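The structure appears right after this line, and notes come after that.
We count ligands from 1, going down the list as the structure has it; atoms in each ligand are counted the same way. Computed from a predicted model, the values in this text were never measured in an experiment.
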Amino acid sequence: MAPPVLVTGGTGTLGRQVVPRLRDTGREVRVLSRHHSEAGDGIESVTGDLATGEGIDAAVDGAETIVHLAGSAKGDEDKARNLVRAASRSGAQHLVYVSVVGADRIPVVSGIDRAMFGYFATKLAAEKVIAGSGLAWTTLRATQFHNLILMVAQQLARLPMIPLPAGFRFQPVDAGDVAARLVELALGTPAGLVPDLGGPRVYGADELLRSYLRATDRHRPILPVRLPGRAARAVRAGANLAPDRAVGRRTWEEFLADRVGSLSDSRSSLA
Ligand SMILES: NC(=O)c1ccc[n+]([C@@H]2O[C@H](COP(=O)([O-])OP(=O)(O)OC[C@H]3O[C@@H](n4cnc5c(N)ncnc54)[C@H](OP(=O)(O)O)[C@@H]3O)[C@@H](O)[C@H]2O)c1
């Protein structure tokens, strides 16, 4: 039987799309999580923490391919370091990593940059840990997922008046489209840094927010705020976009219609 594919972050937004797609190819899958979860058909669950390294040797044991999706706002460099140490000891053959478009183009130099865009710096640092690990690797940079844009819009919509970074644009991509590409990459040979993956269209931040407000029948004044710092300037110049790689298929409008439809269904079933 083929060795299992280890998926770190297999319980997250992206991971939940990657795991079934890997299973559909007939591969056994091992999911790493900090929390115990039940195993499923062909899916093994292991508990470990990439921030401390606890449980990671057992997680990588016997896995030739590792798809590293675990991430959080901070500390992805340390998580990558703990993972590559264990993977090097276990003799893993291919490490696939997901990063973010703009990791190499958004300068994080000042305290203000770090406070608002430190995530991009840690993703770049984690990319470097993986590229310098001595393991064979593949890294895919993706734009922001629809789910993230929706979550931010939901939080902002709670405010009576919404401050929004002036001049920011996004190219939201569906986590399912990113998952499909990652599975293809995981089953292929190590390819280094592959072309970015962006969603089908670029939108102004205000356009995305207004579409959410409209879909949920809300009215809020939007107040454009010019963010200071070099990182914010780079984002205004489009460093977080990949217009030449608009290959994601599912649109923001399709995602929003599905999600807002299910939100209003659950509201009416609560009524
Ligand atoms: N969201 C976006 O718009 C976007 C865009 C481009 C790239 N990415 C990248 O895509 C990846 C997945 O993002 P996502 O939105 O799916 O994330 P998510 O929904 O927040 O899920 C995060 C995952 O990471 C795991 N995790 C976090 N800290 C961990 C730790 N210390 N040890 C082990 N596992 C840990 C969590 O597992 P447990 O909680 O079960 O332990 C969970 O499965 C991340 O690397 C992110 O940087 C995201």
Side-chain angles (χ1 to χ4, degrees), residues 6-21 29-39 43 45-60 66-87 95-106 117-127 129-130 138-153 168 170-179 181-182 185-186 193-194 196-199 205 208 235 239-242 245 248 250 252 255:
L6 172 65
V7 181
T8 80
T11 54
T13 300
L14 178 59
R16 287 196 303 271
Q17 303 275 345
V18 166
V19 170
R21 282 172 172 79
V29 180
R30 185 183 292 163
V31 171
L32 170 69
S33 168
R34 289 166 294 180
H35 316 282
H36 174 75
S37 58
E38 292 304 318
I43 302 173
S45 173
V46 291
T47 308
D49 188 336
L50 284 162
T52 62
E54 199 185 332
I56 306 307
D57 282 321
V60 298
I66 299 173
V67 183
H68 178 36
L69 312 176
S72 49
K74 288 183 180 168
D76 280 6
E77 179 182 2
D78 299 329
K79 292 186 201 70
R81 199 168 282 121
N82 284 329
L83 180 65
V84 300
R85 275 195 199 121
L95 178 55
V96 179
Y97 182 54
V98 67
S99 185
V100 64
V101 169
D104 58 332
R105 293 194 299 244
I106 296 177
F117 299 94
Y119 167 74
F120 288 85
T122 52
K123 294 304 282 185
L124 182 63
E127 284 185 17
V129 168
I130 284 157
T138 301
T139 290
L140 173 69
R141 293 178 180 147
T143 53
Q144 281 65 46
F145 304 159
H146 290 144
N147 308 65
L148 177 69
I149 302 286
L150 176 63
M151 191 184 76
V152 173
F168 276 29
F170 294 95
Q171 189 180 343
V173 68
D174 200 72
D177 288 334
V178 181
R181 176 71 178 131
L182 284 165
L185 292 168
L193 183 63
V194 296
D196 292 349
L197 176 45
L208 289 166
V235 174
N240 59 322
L241 307 174
R245 293 287 306 154
R250 191 170 181 225
W252 164 249
F255 170 85

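Taking distance alone, with nitrogen or oxygen atoms compared against 3.5 Å, Gly12 approaches ligand 1 more closely than that limit. In terms of polar-atom proximity, defined here as any N/O pair under 3.5 Å, Ser99 makes no such contact with ligand 1. Residue contacts with ligand 1: Ser72 is placed with no nitrogen or oxygen under 3.5 Å of a nitrogen or oxygen of the ligand (distance criterion only). Checked by distance only, ligand 1 and Leu14 come closer than 3.5 Å through their nitrogen or oxygen atoms. Close N/O approach between Gly71 and ligand 1 is found [any backbone or side-chain N/O within under 3.5 Å]. Checked by distance only, ligand 1 and Leu32 stay at 3.5 Å or farther apart across all their nitrogen or oxygen atoms. Remark: ligand 1 and Gln144 share no N or O pair separated by less than 3.5 Å (distance only, no angle test).
Looking at Thr143, Ile149, Leu150 one by one, the single match for side-chain contact (heavy atoms from CB on, under 4.5 Å) with Pro172 turns out to be Ile149.
The main-chain N or O of Thr47 is never found under 3.5 Å from a side-chain atom of Ser33 such that the two would form a donor-acceptor pair. Not a single donor-acceptor pair under 3.5 Å links the side chain of Arg34 to the backbone N or O of Gly48. Between the side chain of Gln17 and the backbone N or O of Val178 there is no donor-acceptor pair closer than 3.5 Å. With hydrogens and angles disregarded, a donor-acceptor distance shorter than 3.5 Å links the side chain of Arg30 to the backbone of Ala59. Judged by distance alone, with hydrogens and angles left aside, the side-chain atoms of Arg105 form a donor-acceptor pair with the main-chain N or O of Leu241 at under 3.5 Å.
Of the heavy atoms in Leu148, only side-chain atoms (C-beta onward) come closer than 4.0 Å to ligand 1. Heavy atoms of Lys79 found under 4.0 angstrom from ligand 1 belong exclusively to the side chain. Residue-level proximity to ligand 1 for Val101 is absent, since no heavy atom of it falls below 4.0 angstrom.
Nearest protein neighbour of atom 32 (N) of ligand 1, counting heavy atoms only, is Leu50 N, 2.9 Å. The protein heavy atom nearest to atom 5 (C) of ligand 1 is Thr143 O, 3.3 Å. Looking only at protein heavy atoms, the nearest one to atom 37 (O) of ligand 1 is Thr11 OG1, 3.1 Å. Taking atom 6 (C) of ligand 1 as the reference point, the nearest protein heavy-atom neighbour is Ala142 O, 3.5 Å. With hydrogens left out, the protein atom closest to atom 23 (C) of ligand 1 is Gly9 CA, 3.8 Å, a heavy atom. Closest protein heavy atom to atom 17 (O) of ligand 1: Thr13 N, 4.5 Å. Nearest protein heavy-atom contact of atom 39 (O) of ligand 1 is Arg34 NH2, 2.8 Å. Ranking the protein heavy atoms by distance from atom 46 (C) of ligand 1 puts Tyr119 OH, 3.4 Å first.
Counting only non-hydrogen atoms, the option in Phe170, Phe120, Phe145 that gets closest to atom 48 (C) of ligand 1 is Phe145.
Taking a cutoff of 4.0 Å between a charged side-chain nitrogen and a carboxylate oxygen, Arg245 and Asp196 do not qualify as a salt bridge. Using a 4.0 Å cut-off between charged side-chain N and carboxylate O, Lys123 and Asp76 make a salt bridge.
Between the side chains of Glu127 and Thr139, no donor N or O sits under 3.5 Å from an acceptor N or O.
Counting heavy atoms from C-beta outward, Gln144 and Val100 have side chains that approach closer than 4.5 Å. Taking the side chain as every heavy atom from C-beta outward, Leu185 and Arg181 approach each other to under 4.5 Å.
For ligand 1, the atoms lying closer than 4.0 Å to a non-hydrogen atom of Ala51 are 31 (N). Shown in contact with Leu69 at under 4.0 Å from a heavy atom are these atoms of ligand 1, numbered in order with element: 11 (C), 12 (C), 44 (C), 45 (O). Atoms of ligand 1 found under 4.0 Å from any heavy atom of Asp49 (numbered from 1 in listed order, with element): 30 (C), 31 (N), 32 (N). The ligand atoms of ligand 1 that sit less than 4.0 angstrom from a heavy atom of Ala70 are 24 (O), 25 (C), 26 (N), 34 (N), 35 (C), 45 (O).
Ile130 CD1 to Leu95 CG: the interatomic distance, rounded to the nearest 0.5 Å, is 5.0 Å.
Note: Phe120 and Phe117 have tilted aromatic rings, judged against thresholds of 30 and 60 degrees for the angle between ring planes.
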